[in-house]
Amino acid sequence: MSVMEKVNEATEPGTVKATSNEPVNTESNESAPTMASHIKYISLGILVLQTTSLVLTMRYSRTLKEEGPQYLPSTAVVAAEVLKIMACILLVYKENNYNLRSVKRVLHDEIINKLMDTLKLAIPSGIYTLQNNLLYVALSNLDAATYQVTYQLKILTTALFSVSMLQKKLTKHQWVSLLILMAGVALVQWPADSSKTHNKEVSTGSGFVGLMAVITACFSSGFAGVYFEKILKETKQSLWIRNIQLGLFGWIFGLMGVFIYDGERVSKGGFFQGYNNLTWTVVVLQALGGLVVATVIKYADNILKSFAASISIILSTLISYFWLKDFVPTSVFFAGALLVIAATFLYGYVPKPSANPIKA
């Protein structure tokens with residue numbers, strides 16, 4: 001449901017309640033669409049800002065050459081989970097009228113007393129933790145523009161898992177959009193002429209490693225997202241409580257990853273080695289960005305989300321070329337990016353129901 005429909009539902013009953021002897025409040029009727037439009041554009045701006053800023057700052061932080069050790073991505077994932085838990089607890093505190101006793105009771109009832117419901121979130125939380133680590137690997141090896149376009153494959157994986165796990169039925173134009181999406185991503189990943197890309201030495205690592213990291217992250221994102229949606233449909237709990245549960249498991253799994261893969265380096269250089277203002281910016285964006293998107297996403301219809309993804313791809317391409325200088329766009333890349341953007345719009349397109357719908 002679009003925000004326009006939601007605002008109309010909220011405002012129309014109040015304005016149509018006037019009896020035949022009372023004047024109808026036309027100002028409210030006229031202002032409702034205007035307010036809805038403002039909210040939609042604000043939501044679009046927030047979605048674009050969060051998506052683009054996280055990718056670009058993460059990429060910049062992984063390629064920035066500074067003296068001393070570089071920060072460990074595994075510790076940044078843990079720090080983001082802790083920050084997310086703290087933010088969600090504050091939001092629950094606000095929901096309970098700033099009453100600490102009520103917050104304690106709610107957390108105990110929803111997390112400890114409903115232990116089985118809490119344990120169900122261990123699976124998506126573990127996968128999300130893996131995904132967050134993979135994003136650091138991907139952006140250490142791929143420029144932001146290529147990453148942004150390739151990561152749209154999560155639309156494909158989410159659709160496939162939705163069909164298999166939730167028995168969701170896709171329309172013909174959605175299946176066509178998925179084929180266009182795969183073709184677009186294939187073009188973006190098409191090997192470029194080495195003579196035209198000699199100045200991409202700024203990029204570090206392996207493009208193949210980055211591509212494998214993105215593809216794995218897309219599959220993990222699709223599965224975890226659909227699994228989480230299935231859980232949300234089975235139980236009724238606050239969004240913030242759910243994020244606290246996810247964060248607790250994410251914190252545990254994240255710490256396990258730190259000590260398994262980076263334990264020796266942590267023991268020598270410390271947990272926060274290599275951290276600077278840019279690193280903390282990445283951590284904050286990763287922790288709070290998702291919560292902000294979760295808050296505004298209810299105001300964003302499919303077309304708006306498609307616009308956000310498209311604008312983010314364009315901005316990432318421009319900034320990667322002009323500012324980060326780690327990306328040289330080719331005609332093949334542009335063709336692939338346009339296909340991906342078109343597929344994103346086509347997949348989110350909801351046709352108006354006809355007067356005599358034809359059953360497939």
Side-chain angles (χ1 to χ4, degrees), residues 50-64 70-81 123-161 181-182 184-192 197 200-227 250 253-254 256-258 260-262 265 274 278-279 282-283 285-287 289-290 309 312-313 316-317 319-320 324 326-327 333 336-337 340:
Q50 193 276 333
T51 305
T52 310
S53 59
L54 175 61
V55 171
L56 290 172
T57 53
M58 191 180 289
R59 169 64 178 173
Y60 186 57
S61 71
R62 297 307 297 162
T63 56
L64 183 65
Q70 195 175 41
Y71 75 93
L72 303 174
S74 59
T75 64
V77 170
V78 173
E81 292 296 339
I123 294 175
S125 179
I127 296 173
Y128 280 134
T129 304
L130 171 65
Q131 176 189 336
N132 289 333
N133 280 281
L134 286 171
L135 296 186
Y136 280 98
V137 175
L139 284 165
S140 297
N141 293 278
L142 294 176
D143 59 81
T146 303
Y147 164 83
Q148 283 277 52
V149 178
T150 308
Y151 195 49
Q152 297 308 309
L153 274 177
K154 64 184 178 181
I155 297 174
L156 170 65
T157 59
T158 303
L160 295 178
F161 283 119
L181 177 68
M182 289 189 292
V185 171
L187 286 177
V188 167
Q189 292 297 331
W190 195 268
T197 57
K200 288 185 68 177
E201 292 176 358
V202 177
S203 300
T204 59
S206 165
F208 178 76
V209 171
L211 176 61
M212 290 299 100
V214 174
I215 292 176
T216 307
C218 286
F219 275 94
S220 64
S221 173
F223 177 79
V226 173
Y227 186 92
F253 289 132
M256 290 170 60
V258 170
I260 290 173
Y261 296 105
D262 295 316
R265 281 188 283 183
L278 181 61
T279 310
V282 173
V283 169
L285 286 172
Q286 192 171 29
S312 183
I313 289 172
S316 297
T317 302
I319 295 174
S320 293
L324 298 181
D326 62 351
F327 172 67
F333 174 87
V340 169

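All values reported here derive from a predicted model rather than from experimental measurement.
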Problem set entry | Donor-acceptor contact present, side-chain T157 to main-chain K154, <3.5 Å | yes
Exercise. Looking only at heavy atoms, what is the nearest atom pair of S74 and D262, with distance?
Worked result: OG-OD2, 2.5 Å
Exercise. If you look at every heavy atom in M58 and L139, which pair is closest and at what distance?
Worked result: SD-CD1, 3.5 Å
Exercise. Donor-acceptor pair, Q286 side chain versus L54 backbone, under 3.5 Å?
Worked result: no
Exercise. Given the rule in the side chain to side chain donor-acceptor pair (under 3.5 Å) test, do T52 and S312 qualify, once you have shown the distances and angles that lead to the verdict?
Worked result: CA-CA 5 Å; T52 310; S312 183; 2.9 Å; yes
For this session: Report the residues that fulfil side-chain contact (heavy atoms from CB on, under 4.5 Å) with A76, sequence neighbours left out, ordered by chain and then residue number.
Result: Y71, Y136, Y275, V283
For this session: State the CG-CG distance between L135 and L142, to the nearest 0.5 angstrom.
Result: 11.0 Å
Problem set entry | Donor-acceptor under 3.5 Å (T150 side chain, Y147 main chain) | no
For this session: State whether the side chain of R62 and the backbone N or O of N141 hold a donor-acceptor pair below 3.5 Å, judged by distance alone.
Result: no
Problem set entry | Minimum side-chain heavy-atom gap L72-Y261 below 4.5 Å | no
If you look only at distance, which donor and acceptor atoms sit under 3.5 Å apart when one is on a side chain in residues 210-223 and the other is two or more places apart or in another chain?
unit_1 : atom_1 : unit_2 : atom_2 : d
T216   : OG1    : M212   : O      : 2.7
S220   : OG     : T216   : O      : 3.2
S220   : OG     : A217   : O      : 2.8

Problem set entry | Donor-acceptor pair, side chain of Q152 and main chain of Q148, under 3.5 angstrom | yes
